[in-house]
Amino acid sequence: MALTLYNTLTRQKETFESLKPGRVSMYVCGPTVYDSSHIGHARSAVVFDIVFRYLQEVGYEVTYVRNFTDVDDKIIQRAKERNMDTQALSEMYIKEFHDDMDALAVLRPTAEPRATEFIKEIVEVTSMLVDKGHAYVMDGDVYFDVRSFESYGKLSGRKLEDMEAGARVKVDDRKKDPFDFALWKAKKPGEPSWESPWGKGRPGWHIECSAMSWSRLGETFDIHGGGQDLIFPHHENEVAQSEAAFGKQFVRYWMHNGFVNINSEKMSKSLNNFLIVREILEQFHPEAVRLFLLSKHYRSPVDFSEQAMKEAASGLDRVYASMDRIQETVGCLQFEHEASGHWTRFCAAMDDDFNTAGALGILFEAVRDANRLLDGDMAGDDNARVQECGAAILKMGHVLGMFQEDPKIYFENKKEKAAQEGGFDQSMVDDLVAQRAQARKDKNWAEADAIRKQLTEMGIAIEDTPEGTIWKMA
RNA sequence: GGCGGCAUAGCCAAGUGGUAAGGCAGCGGACUGCAAAUCCGUUAUUCUCCGGUUCAAAUCCGGAUGCCGCCUCCA
């Protein structure tokens with residue numbers, strides 16, 4: 001089955017063919033590290049984590065590069081505000097980013113280059129552009145000359161003329177065209193800087209990605225990803241830089257993920273509604289966050305809300321509950337067990353431009369099928385069929401980065417977390433539960449119900465199961 | 001002014017020519033001392049509206065309406 005993906009460059013779905021057989025080279029724009037990561041960063045990271053995982057699952061050897069922008073205006077400004085060194089600041093946020101993404105089970109890319117580690121390459125590419133007449137020097141700044149690159153605008157589908165008509169563009173008389181952008185910025189007092197043929201300075205934003213992808217993946221590579229907002233100007237400028245410098249196609253497939261809205265509103269500084277990953281993780285299981293993010297196609301906007309997250313958390317419980325039953329009945333879940341129908345259909349959905357929402361549908365069908373069998377008489381080959389479901393669930397989970405915990409531990413942790421949040425002493429609750437159990441044994445229903453009522457008022461829900469009574473936060 | 005996207009049940013969401021996946025909530029049943037939880041089952045003659053093409057359309061074409069994004073730092 002062929003993998004197809006939507007290519008922003010051609011505005012249509014295409015059959016994926018890698019440049020080199022069996023190998024995929026992929027570059028994704030990582031964060032500018034001047035603040036904590038928000039849910040939008042998480043979406044991008046999770047989306048491309050899925051791409052990374054799935055490509056490997058279907059047999060490719062993937063070189064996945066995701067950069068850190070560790071020098072730019074915002075970092076410099078933030079460092080100044082905090083009276084910190086820019087490097088210390090970016091270092092701090094890189095660590096935070098790693099912690100957050102690790103928690104979300106986002107695999108580390110093959111390489112995570114930082115802009116400041118590639119100054120040499122940045123200067124090299126910039127020099128090439130100057131030499132070839134695609135860039136010009138002004139007082140120690142170097143600008144890319146957009147008029148010199150004929151197909152400027154091809155990625156974002158716009159024309160310079162159209163944009164200039166109604167756009168609000170900063171006027172800078174020194175630039176030949178308002179859309180010319182800085183490759184190199186001359187040093188200003190108090191800013192980090194490096195030596196260059198044009199004097200001391202630092203790289204502009206767009207050039208780092210051209211330089212780092214070139215260095216790590218070559219002049220042409222397979223997939224370039226990032227958030228939809230990066231299409232213009234960032235990726236448009238990357239195309240211009242790289243193709244002007246090397247004279248070859250830069251990227252074969254461009255993939256862009258959609259935004260995360262918060263309660264139907266765009267995240268923005270003015271609304272002050274940026275949701276920080278670590279705050280979300282205090283409240284929800286990381287796999288519930290992934291489930292939520294993957295429940296809609298990666299190119300569509302997704303709306304974050306308390307309700308949506310609760311639904312995702314409920315769905316996650318459902319899968320783990322089923323896994324627990326499967327484990328209890330047919331023994332250890334065998335990852336190696338040949339997964340058939342469910343897995344095949346799951347792959348068909350993933351092959352269709354990473355349709356994770358559709359794939360999740362198959363996942364839940366496997367859960368339902370297993371539960372249905374387990375509720376039946378388990379005659380004939382039902383045992384094997386349940387195992388097939390279990391194996392499929394695990395295998396799908398492996399691609400989705402979910403269901404990695406032992407179900408027993410998952411539910412135990414959940415209870416512990418609930419008790420902690422509720423500020424209850426577990427043993428005290430256990431005592432009350434035991435008292436109620438005794439009352440029930442004595443058929444003293446009034447007493448039992450009174451205790452249950454007491455617990456309910458404390459926000460604790462009681463569940464009587466064949467194995468005894470358990471409790472959790474309501 | 002330019003470019004692009006979306007509109008499917010109470011909510012979220014797949015499906016892009018062959019007669020509507022899945023999740024959450026609800027409801028019915030099983031289970032329970034009663035509950036809760038869990039499991040099973042069930043829930044859109046119909047896909048914003050109006051035309052058109054076709055044996056056949058949520059899916060293609062034309063038009064209308066509504067919502068949203070980008071063109072400025074942004075995942």
Side-chain angles (χ1 to χ4, degrees), chain A residues 8 11 13 28-32 34-35 37-48 72-74 77 153 156-170 179 205 225-234 236 256-261 264-269 274 291-292 295-297 299-303 305 307-308 310-319 321-322 324-325 345 349 352 355-368 370-372 374-376 440 443-446 448-449 452-453 455-456 461-466 469-472 474:
Chain A
T8 307
R11 273 160 272 267
K13 279 191 201 172
V28 173
C29 288
T32 298
Y34 72 104
D35 210 342
S37 8
H38 58 246
I39 184 72
H41 293 116
R43 183 176 196 196
S44 177
V46 168
V47 163
F48 291 104
D72 103 320
D73 295 347
K74 293 188 293 294
Q77 193 193 329
S156 52
R158 29 191 116 204
K159 299 187 181 94
L160 283 166
E161 293 70 27
D162 295 340
M163 287 191 289
E164 283 166 26
R168 303 158 283 175
V169 179
K170 275 178 250 160
F179 284 96
W205 173 35
Q228 237 152 34
D229 53 319
L230 296 179
I231 296 172
F232 190 90
H234 185 52
E236 191 69 62
H256 292 96
N257 65 274
F259 282 104
V260 180
N261 294 140
S264 307
E265 282 181 325
K266 185 187 168 173
M267 281 197 287
S268 77
K269 299 243 154 60
F274 272 84
L291 185 59
F292 160 72
S295 66
K296 199 159 173 183
H297 187 88
R299 281 188 280 116
S300 306
V302 64
D303 192 31
S305 66
Q307 196 206 342
K310 280 183 177 161
E311 287 179 8
S314 297
L316 188 66
D317 279 354
R318 178 172 159 83
V319 179
S322 181
D324 192 34
R325 291 185 75 195
R345 289 194 296 140
D352 182 15
N355 184 355
T356 53
L360 247 14
I362 311 296
L363 184 264
F364 279 101
E365 279 182 33
V367 168
R368 190 195 56 202
N371 288 334
R372 193 183 282 163
L374 288 164
D375 275 6
R440 290 182 70 220
K443 299 203 185 296
N444 184 352
W445 309 125
D449 290 349
R452 180 168 65 195
K453 189 169 177 239
L455 289 166
T456 302
I462 287 294
E463 294 173 24
D464 295 326
T465 77
T469 300
I470 60 168
W471 58 268
K472 64 180 186 185

Pairing of A:Arg158 and A:Glu236 as salt bridge, 4.0 angstrom limit: no
Between B:rC12 (P) and A:His297 (NE2): distance, integer Å: 19 Å
Nucleotide nearest A:Leu230 (side chain, heavy atoms from C-beta), chosen from B:rA14, B:rA75, B:rC73: B:rA75
Listing time: all N or O pairs from protein to nucleotides 28-33 of chain B that are below 3.5 Å?
unit_1 : atom_1 : unit_2   : atom_2 : d
B:rG33 : O6     : A:Arg440 : NE     : 3.4
B:rG33 : N1     : A:Asp449 : OD1    : 3.0
B:rG33 : N2     : A:Asp449 : OD2    : 2.7

Expected output: side-chain A:Asp303 to main-chain A:Ser264 donor-acceptor under 3.5 Å: yes
Atom-pair distance (NZ on A:Lys296; P on B:rG5), nearest Å: 15 Å
Identity of whatever pairs with B:rG4 - Watson-Crick or G-U, under 3.5 angstrom: B:rC68
Same-atom distance (C1') from B:rA64 to B:rA75, integer angstrom: 35 Å
Nucleotide nearest A:Arg158 (side chain, heavy atoms from C-beta), chosen from B:rU72, B:rA14, B:rC70: B:rC70
Rounded P spacing from B:rA21 to B:rU16 in Å: 13 Å
Any A:Arg372 side-chain N or O less than 4.0 Å from OP1/OP2 of B:rG41: yes
Of residues 311-319 of chain A, the positions that come close to RNA chain B - non-hydrogen atoms, cut-off under 4.0 Å: A:Glu311, A:Ser314, A:Arg318
From B:rC40, B:rA75, B:rA37, nucleotide with atom closest to A:Glu463 side chain: B:rA37
Residues forming a side-chain contact (heavy atoms from CB on, under 4.5 Å) with A:Lys13, sequence neighbours excluded: A:Thr4, A:Tyr6, A:Arg299, A:Asp352, A:Asp353
Least distance between heavy atoms, A:Cys29 atom then A:Leu230 atom: CB-CD1, 3.6 Å
Residue A:Asn355, side-chain atoms from C-beta onward, closest of B:rA75, B:rA14, B:rA35: B:rA14
Sugar-phosphate, base or nothing in reach of A:Val260, heavy atoms under 4.0 Å: base
side-chain contact (heavy atoms from CB on, under 4.5 Å) partners of A:Val367, counting only residues at least two apart: A:Arg318, A:Val319, A:Ser322, A:Asn371, A:Ile393
Distance in angstrom units between A:Glu236 CD and B:rC71 P, rounded: 13 Å
5′-ward residue of the pair A:Val367/A:Ser156 relative to RNA chain B: A:Ser156
Closest listed nucleotide, where the reference is the side chain of A:Lys266 and the choices are B:rG22, B:rA75, B:rC70: B:rC70
Residue A:Ala357, side-chain heavy atoms: nucleotide from B:rA13, B:rG15, B:rA75 that is nearest: B:rA13
Residues in ring pair (Phe, Tyr, Trp, His ring centres under 6.0 Å) contact with A:Phe292, at least two apart in sequence or another chain: A:Phe304
Separation between the P atoms of B:rU45 and B:rC40, rounded to whole Å: 25 Å
Residue list, ring pair (Phe, Tyr, Trp, His ring centres under 6.0 Å) with A:His297, at least two apart or on another chain: none
Spacing of the C1' atoms in B:rG62 and B:rG23 (rounded, Å): 36 Å
5′-ward residue of the pair A:Lys310/A:Phe259 relative to RNA chain B: A:Lys310
